[in-house]
Q: 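Sharing a structure with you now.
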Amino acid sequence: MKKHLKKPLKSVLIKPAGPDCNLRCTYCFYLRKTSMFPKTKKHAMTQETMRAVVRKALEAESEDIYFGWQGGEPTLMGLDFFRKVVEAQMEYGKGQTVCNGLQTNGLLIDDDWIDFLDQYKFLVGISLDGPQHIHDKYRKFAEGTGSWEKVFDSARRMLDGRIAVNALCVVNDYSVRFPDEIYSFFKEAGLRHMQFIPCVEKNQANPSKMADYSVPANKYGDFLCRLFDLWCADFESESSRGSIRFFDSILLSYLGTNPADCTMQPSCGNYLLVEHNGDVFPCDFYVEHSMKLGNVSRDNLLEMLNSKAQRNFGLKKANIHSMCNSCQWLKLCRGGCPRERLVGGKDLSNHLCSAYRKFFEHSSGRFTSLSDQVRKQTPLT
């Protein structure tokens with residue numbers, strides 16, 4: 001059957017501790033997913049389920065596969081759990097290239113964790129929103145105190161331990177004011193690889209409105225333009241150049257190469273999300289009972305990836321607003337992430353549409369020049 005399934009399994013996102021977390025970030029959408037699993041207060045993946053995920057992912061026989069471990073907070077599972085993950089990957093691997101990524105707030109990272117992450121070359125994404133006043137605005141402990149000191153200390157220790165660490169920064173109504181400060185902070189800290197994630201959440205009391213902490217579109221456009229100017233200023237120098245995932249993906253598009261950022265793909269559904277209990281969903285933004293594809297204990301991951309339900313989910317991205325069809329930036333934007341289309345009814349406009357238009361207009365000429373420059377330095381084959 002496998003040879004008839006066209007879409008390869010390249011990436012699996014796994015939430016071994018489900019929505020459980022040792023922080024209470026104001027803007028976190030995933031903590032609310034505890035309501036989907038009401039039978040237990042603590043959510044933890046069993047060894048049996050973990051081994052089923054690893055075995056079935058590797059049985060899909062892709063030449064390379066990425067396991068992304070996130071949450072909630074995945075390190076709540078403890079280091080022994082992840083040691084067993086690697087053991088299972090070695091047991092079931094068939095010569096594939098296996099990569100592991102860990103998205104963490106860093107609070108539980110100690111020397112033993114650092115040794116492990118270094119030994120098995122985990123790519124770590126540290127949830128850090130910038131300098132202290134920015135990070136602590138919304139990323140707090142349950143008692144309301146800020147988490148910056150412990151998170152930043154963890155980031156520094158991992159960098160000192162030669163771990164590949166990326167900064168994962170949520171851009172909200174407050175942080176959007178400080179592009180220069182955030183970019184400089186990450187660079188000076190040695191966090192040269194950055195991912196900026198716009199906070200786009202509904203008001204829970206009134207879903208027709210945005211949450212107060214969501215990023216305003218006009219300000220996000222300004223943020224992207226300024227961040228781009230800072231990034232461009234460093235592009236010529238390898239010693240000071242930063243990597244920003246969104247910009248890197250756009251540059252790849254200008255070079256005629258498939259961008260890494262899923263929001264820039266024409267369709268969704270190119271990976272699977274596995275919850276702590278083995279339930280499988282099309283995307284971590286769509287963990288809903290109605291979106292469940294199956295369970296890893298009884299279903300085949302490759303078949304779920306190629307299922308009618310997953311295909312239909314992916315094709316919904318093309319259901320864009322009519323004005324998108326005539327937009328000159330459609331091939332770059334693709335209508336944005338569907339979760340940014342928060343208006344109900346027939347209006348499918350993206351909340352951040354004006355921000356993206358402003359940014360693409362601002363950056364187009366420079367991206368054209370950069371792509372020409374890259375082609376001359378490294379001819380594409």
Q: Has R162 got a side-chain atom pairing as donor or acceptor with D118's backbone, closer than 3.5 angstrom?
A: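 It does not hold such a pair.
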Q: Decide yes or no for R226 and D180: does some side-chain heavy atom of the first lie under 4.5 Å from some side-chain heavy atom of the second?
A: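 Yes; the side chains approach each other to less than 4.5 Å.
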Q: Determine the minimum heavy-atom distance between P179 and L230, stating which atoms define it.
A: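 The answer is O-CD1, 4.0 Å.
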Q: Tell me, do S154 and L108 make a side-chain contact under 4.5 Å, heavy atoms counted?
A: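 Side-chain contact under 4.5 Å: no.
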Q: Would you confirm whether the ring centroid of F186 sits within less than 6.0 angstrom of the ring centroid of H193?
A: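 No; F186 has its ring centre 6.0 Å or more from that of H193.
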Q: Against H133, only a single residue in Y174, Y138, F185 fulfils ring-ring contact (aromatic ring centres under 6.0 Å, His included); can you say which?
A: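 So the option named by the test is Y174.
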Q: Is the F246 ring parallel, tilted or perpendicular to the Y356 ring (thresholds 30°, 60°)?
A: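 Ring orientation, 0 to 90° scale: tilted.
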Q: Tell me whether the count of non-hydrogen atoms from other residues, nucleotides or ligands lying under 6.0 Å of CZ in R83 goes above 12.
A: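 Count over threshold, so yes.
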Q: Do any N or O atoms from the side chain of S364 and from the backbone of E361 form a donor-acceptor pair under 3.5 angstrom?
A: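 Answer holds: no.
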Q: Which pair of heavy atoms, one from D129 and one from I134, lies closest together, and at what distance?
A: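 That would be O-CG2, 3.4 Å.
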Q: With side-chain hydrogen bond (donor to acceptor under 3.5 Å, both in side chains) as the test, pick out the partner of S147 among H135, Q132, R139, K140.
A: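 The single option meeting the side-chain hydrogen bond (donor to acceptor under 3.5 Å, both in side chains) with S147 is H135.
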Q: Hey, does the side chain of T49 reach the backbone of M45 with a donor-acceptor pair shorter than 3.5 angstrom?
A: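 Answer holds: no.
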Q: Using atom types as modelled and distance alone, determine if a side-chain donor or acceptor of R24 lies under 3.5 Å from a backbone N or O of C21.
A: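 A pair under 3.5 Å: yes.
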Q: Determine whether L305 and L13 fall in the same hydrophobic cluster, where Ile, Leu, Val, Met, Phe, Trp and Tyr are linked whenever their side-chain heavy atoms lie under 4.5 Å apart.
A: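 No: no chain of side-chain contacts under 4.5 Å links L305 to L13.
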Q: Of all heavy-atom pairs between S62 and Q96, which one has the smallest distance, and what is that distance?
A: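 Result for this residue pair: O-CG, 2.8 Å.
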Q: Counting C-beta onward and ignoring hydrogens, is there a side-chain heavy-atom pair between S175 and F223 closer than 4.5 Å?
A: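 SC-SC contact between S175 and F223 ruled out.
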Q: Backbone N or O of G71 within a donor-acceptor pair of the K15 side chain at under 3.5 Å?
A: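 Answer holds: yes.
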Q: Linking I/L/V/M/F/W/Y whenever their side-chain heavy atoms sit closer than 4.5 Å, directly or via other members, would F116 and I114 fall into one cluster?
A: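 Shared cluster, yes.
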Q: Counting N and O atoms only, with roles assigned by atom type, does the side chain of R157 sit under 3.5 Å from a partner on the main chain of I109, one being a donor and the other an acceptor?
A: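 Yes: the side chain of R157 pairs with the backbone of I109.
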Q: Before accepting this row, confirm whether a basic side-chain N of the pair D222/K358 lies closer than 4.0 Å to the acidic partner's carboxylate O.
A: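 Between K358 and D222 there is a salt bridge, with a charged N closer than 4.0 Å to a carboxylate O.
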Q: Same cluster or not: are L123 and L117 linked, directly or through other Ile, Leu, Val, Met, Phe, Trp or Tyr residues, by side-chain heavy atoms under 4.5 angstrom apart?
A: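 No: no chain of side-chain contacts under 4.5 Å links L123 to L117.
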Q: Do the charged groups of K187 and D234 touch, with an N to O distance under 4.0 Å?
A: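 Here K187 pairs with D234 in a salt bridge, since their nearest N and O are under 4.0 Å apart.
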Q: If hydrophobic clusters are built by linking Ile, Leu, Val, Met, Phe, Trp and Tyr wherever their side-chain heavy atoms come under 4.5 Å apart, do Y271 and L168 end up in the same one?
A: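 Y271 and L168: separate clusters.
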Q: Side chains of M323 and C353: closer than 4.5 Å at any heavy-atom pair?
A: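 Result yes, sub-4.5 Å side-chain heavy-atom pair found.
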Q: For W69, run the side-chain hydrogen bond (donor to acceptor under 3.5 Å, both in side chains) check against N100, T104, T75 and tell me which one passes.
A: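 It is N100, the one option of N100, T104, T75 that forms the side-chain hydrogen bond (donor to acceptor under 3.5 Å, both in side chains) with W69.
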Q: Atom NZ of residue position K10 - does it have more than 12 heavy atoms of other residues, nucleotides or ligands inside 6.0 Å?
A: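 Counting neighbours around NZ of K10, more than 12 heavy atoms of other residues, nucleotides or ligands fall under 6.0 Å, so yes.
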Q: Side chains of D229 and H362: do they bring a donor and an acceptor to under 3.5 Å?
A: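 Looking only at side-chain atoms, H362 and D229 do form a donor-acceptor pair, the distance falling under 3.5 Å.
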Q: Does this structure show an ion pair linking E288 with K33, if we count only N-O contacts that are shorter than 4.0 Å?
A: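 Salt bridge between E288 and K33, a charged N being under 4.0 Å from a carboxylate O: yes.
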Q: Are F228 and F367, when compared by the centres of their aromatic rings, separated by less than 6.0 Å?
A: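 F228 vs F367: aromatic centres under 6.0 Å.
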Q: Any side-chain heavy atom of N172 within less than 4.5 Å of one from V215?
A: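 Counting from C-beta outward, N172 and V215 never come under 4.5 Å.
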Q: Would the F82 and Y120 ring centres measure less than 6.0 Å apart?
A: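 No: the rings miss the under 6.0 Å criterion.
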Q: As a quick check of understanding, evaluate side-chain contact (heavy atoms from CB on, under 4.5 Å) for I65 and V12, giving each step before the final call.
A: CA-CA 8 Å; I65 187 162; V12 184; 4.3 Å; yes
Q: Is it true that E201 and R32 make a salt bridge, defined as a side-chain N closer than 4.0 Å to a carboxylate O?
A: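 Counted as a salt bridge, because a side-chain N and a carboxylate O are separated by less than 4.0 Å.
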Q: Keeping S184 on the side-chain end and E181 on the backbone end, is there a donor-acceptor pair under 3.5 Å?
A: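 A pair under 3.5 Å: no.
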Q: One pair to check against side-chain contact (heavy atoms from CB on, under 4.5 Å): M158 and V124. What are the steps and the verdict?
A: CA-CA 9 Å; M158 284 192 286; V124 176; 3.9 Å; yes
Q: Can you check side-chain contact (heavy atoms from CB on, under 4.5 Å) on F235 and L251, steps first, answer last?
A: CA-CA 12 Å; F235 193 86; L251 183 56; 4.2 Å; yes
Q: Counting only heavy atoms not in K292, do more than 12 fall under 6.0 Å of its NZ?
A: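 Counting other residues, nucleotides and ligands, NZ of K292 exceeds 12 neighbours.
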Q: Taking D20 for its side chain and H43 for its backbone only, find out whether a donor-acceptor pair lies under 3.5 Å.
A: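 Judged by distance alone, yes, a pair lies under 3.5 Å.
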Q: Determine the sole option in F359, Y183, F360, Y254 for which the ring-ring contact (aromatic ring centres under 6.0 Å, His included) test with F247 is passed.
A: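 When F359, Y183, F360, Y254 are each tested with F247, the ring-ring contact (aromatic ring centres under 6.0 Å, His included) holds only for F359.
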Q: Which atoms form the tightest heavy-atom contact between R51 and A88, and what is the distance?
A: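 Looks like NH1-CB, 4.1 Å.
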Q: Are L273 and C283 close enough that some pair of their side-chain heavy atoms sits under 4.5 Å apart?
A: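 No, their side chains stay 4.5 Å or more apart.
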Q: Keeping D279 on the side-chain end and E275 on the backbone end, is there a donor-acceptor pair under 3.5 Å?
A: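 Side chain of D279 to backbone of E275, a donor-acceptor pair under 3.5 Å: no, none is there.
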Q: Taking all non-hydrogen atoms of both residues into account, name the closest pair between T34 and P19 and its distance.
A: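 Between these two residues, the closest heavy atoms are CG2-CG, 3.5 Å.
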Q: Would you confirm whether the ring centroid of F285 sits within less than 6.0 angstrom of the ring centroid of F29?
A: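 Centroid separation for F29 and F285: below 6.0 Å.
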Q: Checking K7 side chain against G269 main chain: does a donor-acceptor pair fall under 3.5 Å?
A: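 Judged by distance alone, yes, a pair lies under 3.5 Å.
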Q: List the steps, then state whether side-chain contact (heavy atoms from CB on, under 4.5 Å) holds for L191 with N166.
A: CA-CA 6 Å; L191 292 161; N166 295 352; over 6 Å; no
Q: Does CG belonging to D212 count more than 12 external heavy atoms closer than 6.0 Å?
A: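 Atom CG in D212 is not crowded, with 12 or fewer foreign heavy atoms closer than 6.0 Å.
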Q: Side chain to side chain donor-acceptor pair (under 3.5 Å), that's the test. Do D173 and Y27 meet it? Break it down for me.
A: CA-CA 11 Å; D173 69 311; Y27 52 62; over 6 Å; no
Q: Below 6.0 angstrom between ring centroids: does that apply to Y220 and F196?
A: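 No, ring centres 6.0 Å or more apart.
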Q: Applying the 4.5 Å side-chain criterion to the ILVMFWY set and letting contacts propagate, would V54 and Y66 be lumped into a single cluster?
A: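 No; tracing contacts between hydrophobic side chains, which count when under 4.5 Å, never links both residues.
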Q: Mind checking whether F152 and W148 have parallel, tilted or perpendicular rings, split at 30° and 60°?
A: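 F152 and W148: parallel rings.
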Q: If you draw a 6.0 Å radius around CD in E149, do more than 12 non-hydrogen atoms from other residues or ligands fall strictly inside?
A: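 Open.
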Q: Please find the pair of heavy atoms, one from V200 and one from L352, that lie closest to each other, and give the distance.
A: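 In terms of heavy atoms, the two residues are closest at CG2-CD1, 3.8 Å.
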Q: Does the side chain of V85 come within less than 4.5 Å of Q89's, by heavy atoms?
A: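 The answer is yes, as the side chains (C-beta and beyond) meet within the 4.5 Å cut-off.
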Q: Hey, does W231 have a side-chain heavy atom less than 4.5 Å from the side chain of D248?
A: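 The answer is yes, as the side chains (C-beta and beyond) meet within the 4.5 Å cut-off.
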Q: Any donor-acceptor pair under 3.5 Å linking the side-chain atoms of Q47 with those of K84?
A: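 Checked: K84/Q47 side chains show no N/O donor-acceptor pair below 3.5 Å.
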Q: For the residue pair E73 and N105, confirm or rule out a side-chain donor-acceptor distance under 3.5 Å.
A: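 Note: E73 and N105 side chains meet the donor-acceptor criterion.
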Q: Checking N350 against E340 for the side chain to side chain donor-acceptor pair (under 3.5 Å) test, could you report, in this order, the C-alpha distance in whole Å, the side-chain angles of both residues, the deciding distance, and whether it holds?
A: CA-CA 5 Å; N350 190 307; E340 296 169 358; 3.0 Å; yes
